[in-house]
Amino acid sequence: MTTNPAATIDLNSDLGENAPDRVVGDDAAMLAIVSSANVACGFHAGTPEGIRTTLADAVANGVTIGAHPGYRDYEGFGRRNMDIDSATLQAHVEYQLGALLGLTSAVGGSVRYVKPHGALYNTIARDERQARDVVAAVKAIDPSLVLLGLAGGVVLEVAESAGLATAAEAFADRAYTPGGELVSRAEPGAVLHDADAVAARMLRLAREGVVEAIDGTDVAVRADSICVHGDSHGAIRMAAATRALLEAEGVVIAPFAGPAGPAA
């Protein structure tokens with residue numbers, strides 16, 4: 001087994017998802033911990049003013065910004081599967097990226113990468129057609145953006161074939177199947193909450209390149225970035241514990257898409 005394959009790894013969180021009638025996370029606290037922020041683009045969560053505030057706080061904290069587009073599913077928080085045609089999906093992703101690039105520029109920052117959200121993220125990990133639609137949207141808006149996707153997912157192959165830079169992601173607060181996919185949120189034990197256990201899992205990921213699957217077996221996972229969902233119960237504790245343990249064991253936390261910088 002390989003020892004310590006990741007001397008450096010990114011720590012990210014899905015942010016910008018709060019609204020007055022649906023507060024799901026503490027963006028300000030999380031931005032003091034993570035190195036990258038996946039910021040909602042308004043279709044699955046968030047409000048323009050709330051997203052702008054999160055972006056401004058990310059710039060102030062020196063956190064690298066990524067766009068977090070999803071299905072047009074505010075009611076379902078973007079976590080409901082959708083059989084959407086290619087023209088519509090590409091336009092929806094382009095629309096969201098354009099909005100986030102504009103707001104980020106307005107607060108003096110720049111968007112460096114794209115991480116699709118929720119059901120869209122999971123679908124393009126295995127569905128080549130929707131993966132191609134998302135990749136086409138990213139290329140159309142800004143081909144310099146890095147595509148962040150599930151380690152081993154189809155979308156990373158599609159993006160690389162299309163000439164996009166890619167990065168692979170693992171999840172601190174989600175259970176894995178023996179095949180390396182995320183356990184459905186509808187299944188018991190799919191979402192993890194124990195901060196110390198989560199941190200220990202991510203240390204194994206960084207050192208050995210494996211994560212313990214839900215059946216107790218080890219599954220190989222190569223990752224450039226670790227996600228702690230901002231809306232998970234105990235998210236701040238899990239992110240803080242993960243960062244503290246990794247750094248204590250000599251793993252450097254740094255953004256995979258480069259340091260935050262001003263708008264071009």
Side-chain angles (χ1 to χ4, degrees), residues 12-19 21-22 24-25 37-48 50-51 66-101 103 111 113-142 145-159 161-162 164 166-171 173-177 179-188 190-191 227 229-232:
N12 78 71
S13 190
D14 302 340
L15 304 176
E17 297 178 326
N18 291 325
D21 62 338
R22 191 169 69 184
V24 298
N38 323 309
V39 183
C41 303
F43 268 25
H44 78 274
T47 64
I51 291 168
H68 196 42
Y71 288 133
R72 192 169 189 174
D73 178 29
Y74 189 89
E75 293 77 11
F77 203 71
R79 287 178 174 155
R80 298 184 291 192
N81 292 328
M82 292 190 170
D83 184 16
I84 184 171
D85 68 87
S86 292
T88 301
L89 179 55
Q90 181 173 339
H92 282 191
V93 174
E94 289 170 351
Y95 183 92
Q96 292 176 82
L97 297 183
L100 199 79
L101 264 67
L103 282 175
V111 176
Y113 67 94
V114 178
K115 174 193 167 180
H117 166 81
L120 177 59
Y121 180 99
N122 292 326
T123 296
I124 62 176
R126 60 181 184 275
D127 184 315
E128 185 174 347
R129 194 269 297 175
Q130 289 202 29
R132 288 197 306 267
D133 301 337
V134 170
V135 167
V138 175
K139 286 195 70 175
I141 294 297
D142 184 350
L145 295 170
V146 181
L147 196 290
L148 178 63
L150 184 67
V154 168
V155 69
L156 298 184
E157 298 175 9
V158 172
S161 296
L164 292 181
T166 64
E169 182 177 39
F171 287 84
D173 54 354
R174 291 295 305 278
Y176 280 77
T177 70
E181 298 179 340
L182 299 180
V183 174
S184 168
R185 286 178 176 268
E187 300 296 325
V191 182
C227 176
H229 287 93
D231 67 317
S232 287

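Because only heavy atoms are used, hydrogens play no part in the values below, and waters and symmetry mates are left out as well, while side chains stay in.
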Enter the distance from [X]:[atom1] to [Y]:[atom2] here, rounded to the nearest 0.5 Å.
X: Gln130; Y: Asp83; atom1: CD; atom2: CG; value: 7.0 Å
X: Arg129; Y: Ile84; atom1: CZ; atom2: CD1; value: 8.5 Å
X: Arg72; Y: Met82; atom1: CZ; atom2: CE; value: 10.0 Å
X: Leu164; Y: Asp142; atom1: CG; atom2: CG; value: 9.5 Å
X: Asp73; Y: Leu120; atom1: CG; atom2: CG; value: 11.0 Å
X: Cys227; Y: Asn38; atom1: SG; atom2: CG; value: 6.0 Å

With a cut-off of under 6.0 Å to the ring centre and 45° to the axis, is Arg22 in cation-pi contact with Tyr74?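 Positive - Arg22 is close enough to the ring of Tyr74 and near enough to its axis.
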
Taking the side chain as every heavy atom from C-beta outward, state whether [X] and [Y] have any pair of such atoms under 4.5 Å apart.
X: Val155; Y: Tyr121; result: no
X: Arg174; Y: Val191; result: yes
X: Asp231; Y: Asp14; result: no
X: Thr166; Y: Glu157; result: no
X: Tyr176; Y: Leu182; result: yes

Tell me, please, which residues at least two apart from [X] pass ring-ring contact (aromatic ring centres under 6.0 Å, His included).
X: Tyr71; value: none
X: His229; value: Phe171
X: Phe77; value: His44, His117

So which heavy atom on [X] is nearest to which on [Y], and how close?
X: Val111; Y: Ala67; result: CG1-N, 3.8 Å
X: Cys41; Y: Pro69; result: SG-N, 3.8 Å
X: Gly149; Y: Leu156; result: N-CD2, 3.7 Å
X: Gly16; Y: Val39; result: CA-CG1, 4.3 Å
X: Leu148; Y: Pro116; result: O-CD, 3.7 Å
X: Ala162; Y: Val135; result: CB-CG1, 3.6 Å

Got a donor-acceptor contact below 3.5 angstrom from the [X] side chain to the [Y] backbone?
X: Asn12; Y: Ala37; answer: no
X: Arg126; Y: Val154; answer: no
X: Gln96; Y: Gly70; answer: yes
X: Asp133; Y: Ala87; answer: no
X: Ser13; Y: Leu15; answer: no

Please list, chain by chain and in numerical order, all residues satisfying salt bridge (charged side-chain N to carboxylate O under 4.0 Å, His left out) with [X], sequence neighbours excluded.
X: Asp173; value: none
X: Arg185; value: none
X: Glu94; value: none

